[in-house]
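Only this structure's heavy atoms are used, side chains among them; waters, hydrogens and symmetry mates stay out.
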Amino acid sequence: MTKNFENYVLPTYARQNINFVAGKNAVLIDSEGKEYIDFAAGIAVCSVGHANERLTKAICDQVSKVIHVSNLYYIEPQAECARRIVEMSGYDMKCFFGNSGAEANEGAIKIARKYGEVDGQPKRYKIITLDHSFHGRTITALKATGQESMHNYFGPFPDGFVYAKNIDEIESLIDEHTVAVMIELVQGEGGVQPQDRAKVQALSAMLKSRDVLLMVDEVQTGIYRTGEFLASNLYGIEPDVITLAKGLGGGVPIGVVMTGKKDIFSPGDHGSTFGGNYLSTAAANEVLDILEEMKESGALDEHLLYFETSLAKFAKAHPAIFLEHVGLGMMRGLRVVDGDTLGKIINAAREAGVIVLKAGRNTLRFLPPLTITKSDIDEGFARLEKAMAAL
Ligand SMILES: *Cc1c(COP(=O)(O)O)cnc(C)c1O
């Protein structure tokens with residue numbers, strides 16, 4: 001298998017030599033039969049765990065009838081998914097469906113660019129994003145990403161992206177061409193860094209007063225990752241545009257851009273062949289059912305708290321290595337004393353049978369399935385202790 005990767009797959013990822021062949025909730029099993037506790041969930045994707053029985057059944061039921069028809073026809077689960085997302089968000093919005101986070105953000109950028117086009121007035125097209133942000137890998141989403149090193153080789157890029165050092169700097173960068181600001185409420189890839197709630201609320205009010213759109217990239221933070229359905233709910237703001245993807249399909253590719261500018265697009269303005277098809281929206285509807293029930297029963301909040309407490313205890317036991325505990329809900333990080341040590345911890349953890357991630361330069365990142373049980377949380381941290389002892 002690794003030969004096929006070497007010979008036939010472009011080497012865009014630094015892959016670890018593990019071949020997972022099965023899983024059950026927060027447990028993954030490799031081809032040698034070794035079990036791992038999964039504290040990564042495919043980077044916040046497998047929100048209801050692996051081989052979830054309800055999700056498996058919903059997908060199988062759907063694909064045994066129809067997987068895909070084009071968006072030239074009505075697709076009932078797509079409309080149902082849109083209704084659920086809008087109602088669960090509490091925002092008066094409409095949805096467009098694509099297949100990934102980057103594609104959702106492309107949709108957000110197109111909404112902003114069209115919003116900035118008003119007859120007889122100079123076009124507003126500039127979008128302000130933040131340093132250390134991550135918005136995806138397509139040319140435009142990459143340009144929106146505030147990490148210059150990722151822009152090497154791929155220019156020329158579309159114009160009109162401006163980077164602010166932080167939220168405080170945004171207002172000073174607004175000019176007559178600015179149409180939108182796009183932010184993550186917790187920077188995921190950038191280092192699991194939550195924004196300050198009061199500053200975000202002040203930003204939201206300031207942008208509203210200046211008719212500049214607030215677009216929140218919830219590709220990673222959305223779908224209960226921070227404890228509320230959307231991080232925007234947790235922060236108490238009403239964005240103009242929100243994007244979703246990772247956790248929504250439980251592993252089936254899906255992306256959404258939703259906006260309160262409900263009349264922004266006309267037929268022909270935007271599209272996506274696979275977007276919102278039967279397979280992805282039937283999966284998303286089941287994921288939404290499962291997680292909404294967990295939230296309403298109190299189980300989700302209980303799991304979140306248990307994970308946070310366990311992580312805090314683990315960090316405290318190694319004060320010379322973990323400098324800071326960051327994040328919200330089941331999107332957590334520990335700042336490690338240096339990048340070298342972080343790499344060693346991730347490898348030792350894998351040896352000990354637990355999957356963890358890196359973010360930014362020196363953050364050990366945790367994104368477990370939202371359905372992880374207390375006993376798997378305990379087992380995961382017990383194995384991490386073993387990993388630390390082996391360093
Ligand atoms: C992962 C991620 C993206 C990109 O999503 P893809 O599905 O890989 O295109 C965009 N924004 C944020 C915040 C992300 O975490």
Is there side-chain contact between L370 and I290, with at least one heavy-atom pair below 4.5 Å?
-> no
Check whether any side-chain N or O of K261 sits under 3.5 Å from a backbone N or O of D240 as a donor-acceptor pair, and report yes or no.
-> no
Is the count of non-hydrogen atoms from other residues, nucleotides or ligands lying under 6.0 Å from K3 atom NZ greater than 12?
-> no
Please check if V162 and L213 belong to a single hydrophobic cluster, counting links between Ile, Leu, Val, Met, Phe, Trp and Tyr side chain heavy atoms closer than 4.5 Å.
-> no
Audit row: F39, F307, ring-ring contact (aromatic ring centres under 6.0 Å, His included) steps and yes/no = CA-CA 10 Å; F39 279 170; F307 191 84; 5.3 Å; yes
Check whether more than 12 heavy atoms from other residues, nucleotides or ligands sit under 6.0 Å from atom CZ of R137, and answer yes or no.
-> no
For N233 and S89, indicate whether the former's side chain and the latter's backbone hold a donor-acceptor pair under 3.5 Å.
-> yes
Side-chain contact test, heavy atoms from C-beta onward, threshold under 4.5 Å: evaluate it for I321 versus L334 and give yes or no.
-> no
Kindly determine whether E302 and K374 satisfy salt bridge (charged side-chain N to carboxylate O under 4.0 Å, His left out), including the steps that lead there.
-> CA-CA 9 Å; E302 207 180 306; K374 287 184 182 173; 2.9 Å; yes
Who passes salt bridge (charged side-chain N to carboxylate O under 4.0 Å, His left out) against E35, sequence neighbours left out?
-> none
Consider only side-chain heavy atoms of I, L, V, M, F, W and Y, link residues closer than 4.5 Å, and tell whether M150 and F154 are in one cluster.
-> yes
Going by distance alone, is a donor N or O of one side chain under 3.5 Å from an acceptor N or O of the other, for N71 and Q78?
-> yes
Under 3.5 Å, is there a donor-acceptor pair between the side chain of D217 and the main chain of N105?
-> no
Would you find more than 12 non-hydrogen atoms of other residues, nucleotides or ligands less than 6.0 Å from L10 atom CG?
-> no
Is any NZ, NE, NH1 or NH2 atom of the basic residue among K110 and E106 found under 4.0 Å from an Asp or Glu carboxylate oxygen of the other?
-> no
Over 12 foreign heavy atoms within 6.0 Å of CG, D263 = no
Ignoring hydrogens and geometry, is there a side-chain-to-backbone donor-acceptor pair from N285 to P77 under 3.5 Å?
-> yes
Electrostatic pair R210-E171, nearest N-O below 4.0 angstrom = yes
Check: Y235 and L230 side chains under 4.5 Å, non-hydrogen atoms | no
Passes salt bridge (charged side-chain N to carboxylate O under 4.0 Å, His left out), K65 versus D61? Steps please.
-> CA-CA 7 Å; K65 288 182 252 170; D61 285 353; over 6 Å; no
I237 vs V216 side-chain heavy atoms within contact, under 4.5 Å | yes
Flag, side chain of K208 to backbone of E238, donor-acceptor distance under 3.5 Å | yes
Would you find a donor on one side and an acceptor on the other, under 3.5 Å apart, between the side chain of D269 and the backbone of S266?
-> yes
Within a radius of less than 6.0 Å around CZ of R54, do more than 12 heavy atoms belonging to other residues, nucleotides or ligands occur?
-> yes
Evaluate the ring planes of Y125 and H177, with Trp represented by its six-membered ring, and classify them as parallel (under 30°), tilted (30 to 60°) or perpendicular (over 60°).
-> tilted
N17 CG: over 12 foreign heavy atoms closer than 6.0 Å = no
Heavy-atom side-chain contact between K246 and L367 under 4.5 Å = no
Distance under 6.0 Å and angle within 45° of ring axis: K143 vs F161 = no
Would E117 and K114 count as a salt bridge (charged side-chain N to carboxylate O under 4.0 Å, His left out) if you check the C-alpha gap in whole Å, the side-chain angles of each, and the deciding distance to 0.1 Å?
-> CA-CA 5 Å; E117 180 104 29; K114 189 161 182 203; over 6 Å; no
Would you check if D38 and F20 make a side-chain contact, meaning some heavy-atom pair closer than 4.5 Å?
-> no
Start with the C-alpha gap between F96 and T259, add the side-chain angles, then the distance that decides, and say whether side chain to side chain contact (heavy atoms under 4.5 Å, CB included) holds.
-> CA-CA 9 Å; F96 173 88; T259 180; over 6 Å; no
Using 30° and 60° as the class limits, which term best fits the ring planes of F265 and H270: parallel, tilted or perpendicular?
-> tilted
Are I37 and V21 grouped together when hydrophobic residues (ILVMFWY) are joined by side-chain heavy atoms under 4.5 angstrom apart?
-> no
Any donor-acceptor N or O pair under 3.5 Å, side chains S280, N99 = no
Give a yes or no on whether I242 and I264 share a hydrophobic cluster (residues Ile, Leu, Val, Met, Phe, Trp, Tyr; joining criterion: side-chain heavy atoms under 4.5 Å apart).
-> no
State plainly whether one hydrophobic cluster holds both I111 and M258, where clusters connect Ile, Leu, Val, Met, Phe, Trp and Tyr through side-chain heavy atoms under 4.5 angstrom apart.
-> no
May I ask you to check whether over 12 heavy atoms, not counting those of H132, lie within 6.0 Å of atom NE2?
-> no
From CA spacing to verdict: side chain to side chain contact (heavy atoms under 4.5 Å, CB included), V337, N362 | CA-CA 7 Å; V337 65; N362 66 332; over 6 Å; no
How about F314 and H318: are their ring centres within less than 6.0 Å of each other?
-> yes
Could you please spell out the steps behind the salt bridge (charged side-chain N to carboxylate O under 4.0 Å, His left out) verdict for E292 and K295?
-> CA-CA 5 Å; E292 189 178 42; K295 177 71 180 176; over 6 Å; no
Validation row: F322, V336 side chains within 4.5 angstrom (heavy atoms) | yes
Give every residue pair that meets the side chain to side chain donor-acceptor pair (under 3.5 Å) criterion with at least one member in residues 180-195, sequence neighbours excluded.
-> E189-Q220, E189-R365, Q193-R335
Once the angle between the rings of F274 and H68 is folded into 0 to 90°, is it parallel (under 30°), tilted (30 to 60°) or perpendicular (over 60°)?
-> perpendicular
Side chain to side chain, D378 and Y306, heavy atoms closer than 4.5 Å | yes
For atom CD of E53, decide whether the heavy atoms of other residues, nucleotides or ligands shown that lie under 6.0 angstrom number more than 12.
-> no
